[in-house]
> 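Just passing along the structure, written as structure tokens.
Every chain is numbered from 1, with letters handed out A, B, ... down the list of sequences.
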Amino acid sequence: MPELPEVEVVRRGLEPLLSGRRVQSVHCAVPALRYPLPDLGVLVGHTCQHITRRAKYLQFEFDHDFLLAWHLGMTGQFHVLTSNAPKAKHEHVRIDFTDGSSLRYRDTRRFGYAGLMSVSDWQSHAWFRELGPEPLLDVFDGEYLYERCRNRKAPIKHVLMNAKAVVGVGNIYASEALFRAGIHPACKAGRVSRKRMHILVQHVKEILCEAIDAGGSTISDFVQVDGKPGYFAFGFQVYGRKGEACPRCGHVIRRKVQAGRSTFYCPGCQH
DNA sequence: CTGAAGACCTGCCTGC
DNA sequence: TGCAGGCAGGTCTTCA
């Protein structure tokens, strides 16, 4: 489901509802999502202090050095309800707080996963150790990406989606950013010029910011914490638009499968 | 080493 | 109406 903008929208929704709340009880309806769930019972009696984000992971920071890292996979959703609200379908985890609020995790496909680590040392955890830079930080710039792609024969779209190169850019935003930059998704990464790499990076940053401001993208099942959809999907220029006319040059937008993922592009203005 | 493909799991849509 | 097949926003593992 979510790429970086969607995870950030969820983080911003959860932060004011959960920070400062103390855990009263934890219920797991299943032993595992994608991986076995950690023993969340250790959080009982502890207070959620901040919710942060790294790549597509939400990080719930508790007192006493507990950090709960959570990846939403494709269909994971968090909702904050009251503790007496009924259990929804595919609701796998609930964390009740002493003030009566209740954090629910739903995940139809169960591709999500969670782990407990320490606030002071999460960077060394296997999930985080080898991640590339955050795309919205200044260290991610055209020069960085150009150097990262040198001699790489993989398609530029694969590099954009590779979390070791840069985090948070998934299938949708990779397609859209390449369209805006006029770069063909199958173009070998090592053959994109320095100048075009600068342009591409600018578009990646722009599109992620626009999507965050719009509350994320909803194609089928992304919702914000309050249940509202995201609105950015209305702004897609190529994603999901196979057969339609390119908004820029009028050529017919094509869909092709790259490494098992759908890629949408305009053969007229992406080279 | 790199890159491609399969696996995880469920639901929805399409076409026969 | 029913059913097979394809498809879905992520990431890890396996294989060539």
> Any base atoms under 4.0 Å from A/K188, or only sugar-phosphate, or nothing? Heavy atoms, all strands.
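The residue A/K188 makes no contact with any strand.
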> What side chain to side chain donor-acceptor pair (under 3.5 Å) pairs are there with at least one residue in residues 43-52 of chain A, not counting sequence neighbours?
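Sorted result for residues 43-52 of chain A: A/H46-A/D63, A/T52-A/Q59.
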> Kindly list each side-chain donor-acceptor pair under 3.5 angstrom involving residues 151-158 of chain A, sequence neighbours excluded, with atom names and distances?
unit_1: A/K157; atom_1: NZ; unit_2: A/N171; atom_2: OD1; d: 2.7
unit_1: A/K157; atom_1: NZ; unit_2: A/T263; atom_2: OG1; d: 2.8

> My understanding is that a hydrophobic cluster links ILVMFWY residues whose side chain heavy atoms are under 4.5 Å apart, including indirect links. Using that, what else belongs to the cluster containing A/V252?
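Besides A/V252, the hydrophobic cluster comprises nothing; the residue is isolated.
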> Check DNA chain C for consecutive Watson-Crick or G-U pairs with both distances under 3.5 Å and list the runs of at least three as stems.
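DNA chain C stems, ordered by first number: B:2-8 with C:10-16, B:10-16 with C:2-8.
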> Identify, with sequence neighbours excluded, every residue that meets salt bridge (Lys or Arg N to Asp or Glu O under 4.0 Å) alongside A/D99.
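Counting only residues at least two positions away or on another chain, A/D99 forms a salt bridge (Lys or Arg N to Asp or Glu O under 4.0 Å) with A/R21.
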> Only pairs at least two apart or in different chains count here, so list each side chain to side chain donor-acceptor pair (under 3.5 Å) that has a residue in residues 172-181 of chain A.
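Listed once each, the pairs are A/E6-A/Y173, A/Y173-A/S217, A/R180-A/E210.
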> Quick one: list whatever passes salt bridge (Lys or Arg N to Asp or Glu O under 4.0 Å) with A/R94, sequence neighbours left out.
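Checked A/R94 against salt bridge (Lys or Arg N to Asp or Glu O under 4.0 Å); matches are A/D96.
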> What is the 5' to 3' range of DNA chain B, first to last nucleotide, that sits under 4.0 Å from any heavy atom of chain A?
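Listing 5' to 3', DNA chain B meets chain A from B/dG3 to B/dG11.
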> Can you list every pair that meets ring-ring contact (aromatic ring centres under 6.0 Å, His included) and has a residue in residues 21-41 of chain A, with sequence neighbours left out?
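Checked against ring-ring contact (aromatic ring centres under 6.0 Å, His included) - neighbours excluded - the pairs reaching residues 21-41 of chain A are A/Y35-A/Y113.
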> Over all strands shown, is A/G260 touching base, sugar-phosphate only, or nothing at heavy-atom distances under 4.0 angstrom?
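If one applies the 4.0 Å heavy-atom cut-off, A/G260 turns out to touch nothing in the nucleic acid.
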> Taking only side-chain nitrogens and oxygens of A/Y239, does any of them come within less than 4.0 Å of OP1 or OP2 of C/dG9?
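Yes, such a contact exists.
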> What residue pairs, at least two apart or across chains, pass salt bridge (charged side-chain N to carboxylate O under 4.0 Å, His left out) with a residue in residues 64-92 of chain A?
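As it turns out, the salt bridge (charged side-chain N to carboxylate O under 4.0 Å, His left out) pairs with a partner in residues 64-92 of chain A, which skip direct neighbours, are A/E91-A/R104.
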> I need a per-nucleotide contact map over nucleotides 11-16 of chain C, read 5' to 3'. Cutoff is protein heavy atoms under 4.0 Å; write B for the base, S for backbone only, - otherwise.
BS----
> Rounding to an integer number of angstrom, what distance separates C/dG6 and B/dA5 when you compare their P atoms?
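Roughly 16 Å separates the two P atoms.
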> Give the rounded distance in Å between these two atoms: CD of A/Q258 and C1' of C/dG9.
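Result: 16 Å.
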> Does A/R22 qualify as a cation-pi partner of A/F62, given the criterion of NZ or CZ under 6.0 Å from the six-membered ring centre and within 45 degrees of its axis?
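Judged by the rule, A/R22 and A/F62 form no cation-pi pair.
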> Check whether any side-chain N or O of A/S83 sits under 3.5 Å from a backbone N or O of A/S102 as a donor-acceptor pair, and report yes or no.
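The answer is no, because no donor-acceptor pair under 3.5 Å joins these two groups.
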> Can you measure A/K157 atom NZ to C/dG10 atom P for me and round it to whole angstrom units?
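Distance check: A/K157 NZ to C/dG10 P gives 9 Å.
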> Taking B/dC9 as the reference, what is the distance to C/dT14 when you measure between their P atoms (whole Å, please)?
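It works out to 16 Å between them.
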> Please measure how far the P atom in C/dG9 lies from the corresponding atom in B/dC13, and state the result in whole Å.
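Here C/dG9 and B/dC13 have their P atoms 16 Å from each other.
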> How far, in whole Å, is C/dG5 from B/dA7 if one measures between their P atoms?
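So the two P atoms sit 16 Å from each other.
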> Pairs in or reaching into residues 40-62 of chain A: which pass salt bridge (charged side-chain N to carboxylate O under 4.0 Å, His left out), with residues at least two apart or in two chains?
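Only A/E8-A/R53, A/R53-A/E134, A/R54-A/E134 qualify under salt bridge (charged side-chain N to carboxylate O under 4.0 Å, His left out).
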> Can you check the A/D107 CG to C/dG9 P distance for me, whole Å?
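Atom CG in A/D107 sits about 15 Å away from atom P in C/dG9.
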